[in-house]
Protein chains: 2
Amino acid sequence: MGRWEPNARGRLEQAALELYRERGFEQTTAAQIAQRAGLTERTFFRHYADKREVLFAGAHLLEEAFVDALSHTPETAAPIDAMASALETISAVFLERHEFSRQRQAVIVANAELRERELIKLASLSKALAATFRSRGVSDPAASLTAEAGIAVFKIGFERWVDEDGDRQLADFLRESLAELKVVAAGR
Amino acid sequence: MGRWEPNARGRLEQAALELYRERGFEQTTAAQIAQRAGLTERTFFRHYADKREVLFAGAHLLEEAFVDALSHTPETAAPIDAMASALETISAVFLERHEFSRQRQAVIVANAELRERELIKLASLSKALAATFRSRGVSDPAASLTAEAGIAVFKIGFERWVDEDGDRQLADFLRESLAELKVVAAGR
DNA sequence: ACGGTCGACGGCAGTCACTGACATCGACCG
DNA sequence: CGGTCGATGTCAGTGACTGCCGTCGACCGT
């Protein structure tokens, strides 16, 4: 056994989610999170750039998976179809995470600073997707617009999935949302 | 003449933009902004909730104007056409503000915290537009998706307009961007 | 087995964003 | 002319975040 308990980041992330749920994001200090995780405030800030980031550690994984999914789509497909396929693939990531997503999203929605952070993560994701499209020969502004549209579909589908009590899968909501976007864009 | 110089907010906003351009957002303290405006730090925070907000004072005006433009669109129009019309109307707001927009946008793009703030302002705008659609009988998720798509069009068109040196108007870029979105959504 | 390096963490002092409480004083009102 | 009000100043405090340095098991080469 090492000098320190293992999985410091995991403990910090769990402690943070717990405290943010118990007393709210603003009423929680970094020192409290660190203490619950058996660490010090200084160590908290070694792992996370700020108090919000501890909730978004998984964002880069989502981004990687999303870009990966898009990359593994036939180059000949129309951008919107590639996006549809990537959305389909990505929803698998959330199959076993409805409850966790619900809790985390409730915390985020309740605080403006956390919403800001979520938005910039989605914007980063959008940029990455646009870059992927460009590397596949889609030119701007089509690349950026398809990426933005895909993120909008994801955002709205995800919101609705999280709000649902039922057993419908995320993929259902994403398909529905994308279909509606097509209808709307067609001017109907 | 009153006890204080008039237009404290205007002075603060100009001082802030100047300093953010001169030395960067992070390297500027609230006290410095206040001092250049002939005020104290405490007064700065009475006018703006935080250091970023001083750059976004006009955001609620844009939101009002945008919602207003959308409201004054024929109810019988398809949502996407109403959005197109609103975008057209809104671009008039920026007719005389290319240089100002360029400077401000350069500051924002250079700093992640400011980008976050911009994103949440756009998200707020999107919510307001979606609510307007709903009040006109468009149901969700079409209302939310049209709003999000419109904001995406605005964002991308605006970026390109700001980057341009030429004399093309914002409205041109918005039309182009919207047209491209329609093409993309149609799967071409 | 031993000295040296390294990585993860603790401790501490400091800056700055932001806040609450209270004081000031021209403008304006009756 | 006294009283109220609104915009600002003053001051003390909290907490987010950072730089710097110290600690000490793990690990590595000899």
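This is a predicted model, so every value here is computed, not measured. Numbers restart at 1 for each chain; the letters A, B, ... are given by sequence-line order, proteins then strands.
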Could you check how far [atom1] of [X] sits from [atom2] of [N], rounded to whole Å?
{"X": "R42(A)", "N": "dG14(C)", "atom1": "CZ", "atom2": "C1'", "result": "12 Å"}
{"X": "E26(A)", "N": "dC18(C)", "atom1": "CD", "atom2": "P", "result": "12 Å"}
{"X": "H47(B)", "N": "dC18(C)", "atom1": "NE2", "atom2": "P", "result": "16 Å"}
{"X": "E41(A)", "N": "dC12(C)", "atom1": "CD", "atom2": "C1'", "result": "12 Å"}
{"X": "Q27(B)", "N": "dC17(D)", "atom1": "CD", "atom2": "P", "result": "16 Å"}
{"X": "F44(B)", "N": "dC18(C)", "atom1": "CZ", "atom2": "P", "result": "8 Å"}
{"X": "Q35(B)", "N": "dT10(D)", "atom1": "CD", "atom2": "P", "result": "12 Å"}
{"X": "D50(A)", "N": "dT15(C)", "atom1": "CG", "atom2": "P", "result": "22 Å"}

(request) Answer with yes or no after comparing the ring centroid distance for F56(B) and Y48(B) against a 6.0 Å cut-off, counting only values under it. (result) no
(message) Counting the atoms with a prime plus P, OP1 and OP2 as sugar-phosphate, which does A31(B) contact under 4.0 Å by heavy atoms, base, sugar-phosphate, or nothing?
(response) nothing
Closest to side chain of [X], choosing from [options]:
{"X": "T43(B)", "options": "dG10(C), dG9(D), dA16(D)", "value": "dG9(D)"}
{"X": "F45(A)", "options": "dT18(D), dC9(C), dA17(C)", "value": "dT18(D)"}
{"X": "W4(B)", "options": "dA21(C), dA17(C), dA7(D)", "value": "dA7(D)"}
{"X": "R3(A)", "options": "dC18(C), dC16(C), dA8(C)", "value": "dA8(C)"}

Short N-O contact, [X] and [Y], less than 4.0 angstrom:
{"X": "E99(A)", "Y": "R102(A)", "result": "yes"}
{"X": "R168(A)", "Y": "E176(A)", "result": "yes"}
{"X": "E22(A)", "Y": "R36(A)", "result": "yes"}

(request) Return yes if the base of dG7(C) and the side-chain atoms of R46(A) contain a donor-acceptor N/O pair under 3.5 Å, otherwise no. (result) no
(request) Taking atom types as modelled, find out whether E159(B) and Q105(B) have a side-chain donor-acceptor pair closer than 3.5 angstrom. (result) no
(request) Just name whichever nucleotide pairs with dT4(D), Watson-Crick or G-U, keeping both distances under 3.5 Å, else none. (result) dA27(C)
